[in-house]
Amino acid sequence: ASLEAKVRERSAQLEERNRLLEEQNQQIEQLSLLKDQLISTVSHDLRNPIGSILGVSRLLLSLEDLRKDPEQMTGLVQQIHRSAERMFKLVNDLLDLSRIEQGMPPQREVVNLRELLSQQVESFQPNFQAKSLQIIFEPPAANLTLTADATGLSQVFSNLISNAIKYTPQQGSITVSTQMQENRVAIQIADTGIGIPSESLPLLFTKFFRVDNPNHRAEDGTGLGLAIVKGIVEQHQGQIQVESEVGKGSVFRVVLPLDPTLNSF
Ligand code: ADP
């Protein structure tokens, strides 16, 4: 009877091992699928701007008359410039994301939140004006500081504000405000833009995810911005939340822990 028990035990162990192996195989298959998807998305997103640079530069090289016409020349060089910028953004976003995904710890320095947010809001003034958007800025207290990666946090707010601008029609308004919550601070970026369908909300922070929108061509963005935002916020032990209503607007909220040794509450 004891031999029988041993055999049973052994076969149960083998079964368990097979199950684990099967699970691992499935994970490997899934990762390989993800990798294929990544390669095809990136090559597609790089192919279009490279194609445009090649085509336009070929035109400029072959047509001497074109080069003599400053207006046409400027238009074509601008087209090359836009395409190169698009590729540069994609490659930079990919590098940022890969750094975040590798779990590199963020730089830590003392950051004044009011200054950081003011700088971001200020840097977008030309974009607000270009679309006649009203900007309402309710900054935090002047002495509120966090230990954080200043470059990373700037990128978080820059991505959120530029999305708010991009997805808000002319004459809309964007509000950047802050609220204190015990030992945390919540920074809200609210817009009166096109909003996000509720079924897209759970996928919003996934890399390469973009809401199908007939008014925004795929080349307007990389679909990596919000994945980077989430990565950086989580590096800081913070949270990112979103609420949105189609046709009304969206609210993105970044909640960051405050260092009690730097601030008295
Ligand atoms: P993208 O480069 O496409 O802007 P993001 O990761 O920043 O990539 O955003 C992913 C998608 O989320 C966007 O394509 C857009 O559909 C949607 N989105 C992001 N922010 C907003 C917003 N403020 N209002 C409406 N839709 C938004």
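Every number for a ligand or one of its atoms is a count from 1 in the order of the listing. We number each residue from 1, following the sequence as shown.
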Open item on the list: Between ligand 1 and Ala227, is the shortest N or O to N or O distance under 3.5 Å?
Closed with: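 The answer is no, given that Ala227 and ligand 1 share no N or O pair closer than 3.5 Å.
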Among all protein heavy atoms, pick the one closest to [atom] and tell me residue, atom and distance.
| atom | value |
| --- | --- |
| atom 12 (O) of ligand 1 | Leu204 CD1, 3.4 Å |
| atom 9 (O) of ligand 1 | Leu226 CD1, 3.6 Å |
| atom 1 (P) of ligand 1 | Gly223 N, 3.5 Å |
| atom 23 (N) of ligand 1 | Asp191 OD2, 2.9 Å |
| atom 7 (O) of ligand 1 | Asn163 ND2, 2.9 Å |
| atom 3 (O) of ligand 1 | Arg210 NE, 2.4 Å |
| atom 21 (C) of ligand 1 | Tyr167 CD1, 3.4 Å |
| atom 26 (N) of ligand 1 | Ile196 CG1, 3.3 Å |

Task: Electrostatic pair Arg8:Glu4 at N-O distance under 4.0 angstrom - done: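 Yes, Arg8 and Glu4 are salt-bridged.
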Which ligand 1 atoms are under 4.0 Å away from a heavy-atom of [X]?
| X | answer |
| --- | --- |
| Gly225 | 5 (P), 6 (O), 7 (O) |
| Gly195 | 25 (C) |
| Phe209 | 10 (C), 11 (C) |
| Lys166 | 1 (P), 2 (O), 4 (O) |

Task: Derivation of the side-chain contact (heavy atoms from CB on, under 4.5 Å) call for Thr151 and Gln107 - done: CA-CA 9 Å; Thr151 313; Gln107 302 265 2; over 6 Å; no
Task: Co-membership, hydrophobic cluster, residues Ile189 and Val251, 4.5 Å side-chain - done: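 In one cluster with Ile189: Val251, no.
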TODO: Determine, using heavy atoms of Asn159 and all atoms of ligand 1, whether some pair is separated by less than 4.0 Å.
DONE: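 Asn159: no contact with ligand 1 (<4.0 Å).
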Open item on the list: Yes or no: does Phe252 have any heavy atom under 4.0 Å from an atom of ligand 1?
Closed with: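 The answer is yes: ligand 1 sits under 4.0 Å from a heavy atom of Phe252.
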Open item on the list: For a side-chain contact (heavy atoms from CB on, under 4.5 Å) check, start with the C-alpha distance between Arg17 and Leu14, then their side-chain angles and the critical distance, and finish with the verdict.
Closed with: CA-CA 5 Å; Arg17 211 164 72 190; Leu14 281 175; 4.2 Å; yes
Open item on the list: Which residues pass the side chain to side chain contact (heavy atoms under 4.5 Å, CB included) test with Arg82, not counting sequence neighbours?
Closed with: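 Partners of Arg82 under the side chain to side chain contact (heavy atoms under 4.5 Å, CB included) test: Gln78, Gln79.
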Open item on the list: Just to be sure I read this right, does ligand 1 sit under 4.0 Å from the backbone of Val229, its side chain, both, or neither, counting only heavy atoms?
Closed with: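 No part of Val229 is near ligand 1 at this cut-off.
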- [ ] Quick one: pull up OG in Ser158 and CG in Leu153 and give me the separation to the nearest 0.5 Å.
- [x]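 It comes to 12.0 Å.
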Open item on the list: Under the side chain to side chain contact (heavy atoms under 4.5 Å, CB included) test against Val211, which residue among Leu201, Ile194, Ile196 passes?
Closed with: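 In the set Leu201, Ile194, Ile196, the residue that makes a side chain to side chain contact (heavy atoms under 4.5 Å, CB included) with Val211 is Ile196.
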Open item on the list: According to salt bridge (charged side-chain N to carboxylate O under 4.0 Å, His left out), does anything in residues 21-44 pair up with another residue at least two apart or in another chain? List the pairs.
Closed with: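 As it turns out, the salt bridge (charged side-chain N to carboxylate O under 4.0 Å, His left out) pairs with a partner in residues 21-44, which skip direct neighbours, are Arg19-Glu23.
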Task: Stepwise side-chain contact (heavy atoms from CB on, under 4.5 Å) check, Ser154 with Leu116 - done: CA-CA 7 Å; Ser154 300; Leu116 188 135; 3.7 Å; yes
Open item on the list: Under a 3.5 Å cutoff, is there a donor and acceptor pairing between the side chains of Gln235 and Asp149?
Closed with: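 On atom types as modelled, these side chains do not qualify, holding no pair under 3.5 Å.
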